[in-house]
Amino acid sequence: MKFYDVIKSRRSIRGYLSKPIPGDALQRIGEAVSLSPSACNLQPWKFLIVVNPEFRQKICKVYNQPWLAQAPAIAVVFGNHEICWKRLNGQPIVDIDVGIAMEHLVLAAAAECLGSCWICAYDIAAMDEALQVTPPWTTLAISPLGYPAVKTEAPKRKPLSEVFEVMI
Ligand SMILES: Cc1cc2nc3c(=O)[nH]c(=O)nc-3n(C[C@H](O)[C@H](O)[C@H](O)COP(=O)(O)O)c2cc1C
């Protein structure tokens, strides 16, 4: 798919087929993630693609949605607030770095005709415990990965003029 077609076709998908994801597609998605920019190129992330059913069940206990359990894989991204670059006021930049890398994953998945859905609305402490993640690492986001079982309409966006301006 062409880049802008990928951007337009991507939706948050909340319904999945059990069809497995080919290994080469996962490999290309991994490469797309590793090409993501990060402040000072510190790459303060680790991605885990969970196919293992017992491990997926642990995640689904913390974020309990039937559509997450349907997906044949769950992408998990861990961020490290110590090894990342810090803003001039000392604030760690890890959320931005990880957000960009996760969006590389989401867009690469769309280019592979795979659905995904950013998920952050879980209890972080419970997710870290379930995945045995310890500080300075933490589970910043997860996403199901799989072939969509549903067709999702594009939710309305704010008018372009409200959110994007070219100042000459
Ligand atoms: C940072 C972030 C966190 C999100 N967390 C959740 C979530 O916890 N659960 C969920 O169902 N969707 C979540 N979403 C998906 C949004 O609801 C979705 O992107 C938005 O409604 C726009 O729809 P679209 O992705 O299909 O364009 C999240 C999206 C982002 C970017």
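In this text, all values refer to a predicted model and were calculated from it rather than measured experimentally. For ligands, and for the atoms within them, numbers begin at 1 and follow the listed sequence. Here, residue 1 is the first one in the sequence, and each next residue gets the next number.
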Considering heavy atoms of the protein only, find what lies nearest to atom 10 (C) of ligand 1 and give residue, atom and distance to 0.1 Å.
-> R14 NH2, 3.5 Å
Please tell me if the side chains of L105 and I49 come closer than 4.5 Å, counting only heavy atoms from C-beta onward.
-> yes
Nearest-contact summary for atom 26 (O) of ligand 1 - protein heavy atom, Å = S12 N, 2.8 Å
Among protein heavy atoms, which lies nearest atom 29 (C) of ligand 1, and at what distance?
-> W118 CB, 3.4 Å
Group every Ile, Leu, Val, Met, Phe, Trp and Tyr by side-chain heavy-atom contacts under 4.5 Å, then state whether L145 and L48 land in the same group.
-> no
With distance as the sole test, does D97 use its side chain to make a donor-acceptor pair with the main-chain N or O of A39 at under 3.5 Å?
-> yes
Quick one: does R157 get a heavy atom under 4.0 Å from ligand 1?
-> yes
Output for pair (F47 CZ, S34 OG), nearest 0.5 Å, gives 10.0 Å
Return a yes/no value: protein heavy atom under 4.0 Å from atom 20 (C) of ligand 1?
-> no
Atom CD1 of I142 and atom CG of L68: how far apart are they, to the nearest 0.5 Å?
-> 5.0 Å
Here the atoms of ligand 1 under 4.0 Å from any heavy atom belonging to W67 are 11 (O)
With a 4.0 Å cut-off on heavy atoms, does Y122 reach ligand 1?
-> no
Listed by chain and number, what are the side chain to side chain donor-acceptor pair (under 3.5 Å) partners of S143, not counting sequence neighbours?
-> none
Run down the list C120, G99, A121 and name the one with the heavy atom closest to atom 3 (C) of ligand 1.
-> C120
Check each heavy atom of A141 against ligand 1 and say whether those closer than 4.0 Å belong to the side chain, the backbone, both or neither.
-> neither
Ignoring hydrogens and angles, tell me if any N or O in the side chain of K8 forms a donor-acceptor pair with the backbone of V6 under 3.5 Å.
-> no
Residues at least two apart in sequence or cross-chain that pass side chain to side chain donor-acceptor pair (under 3.5 Å) with N80, listed by chain then number, are none
Just need the protein heavy atom nearest to atom 23 (O) of ligand 1, so name the residue and atom and give the distance.
-> P155 CG, 3.4 Å
Within less than 4.0 angstrom of ligand 1, does R10 place any heavy atom?
-> yes
Identity and separation of the nearest protein heavy atom to atom 9 (N) of ligand 1 | Y63 OH, 3.0 Å
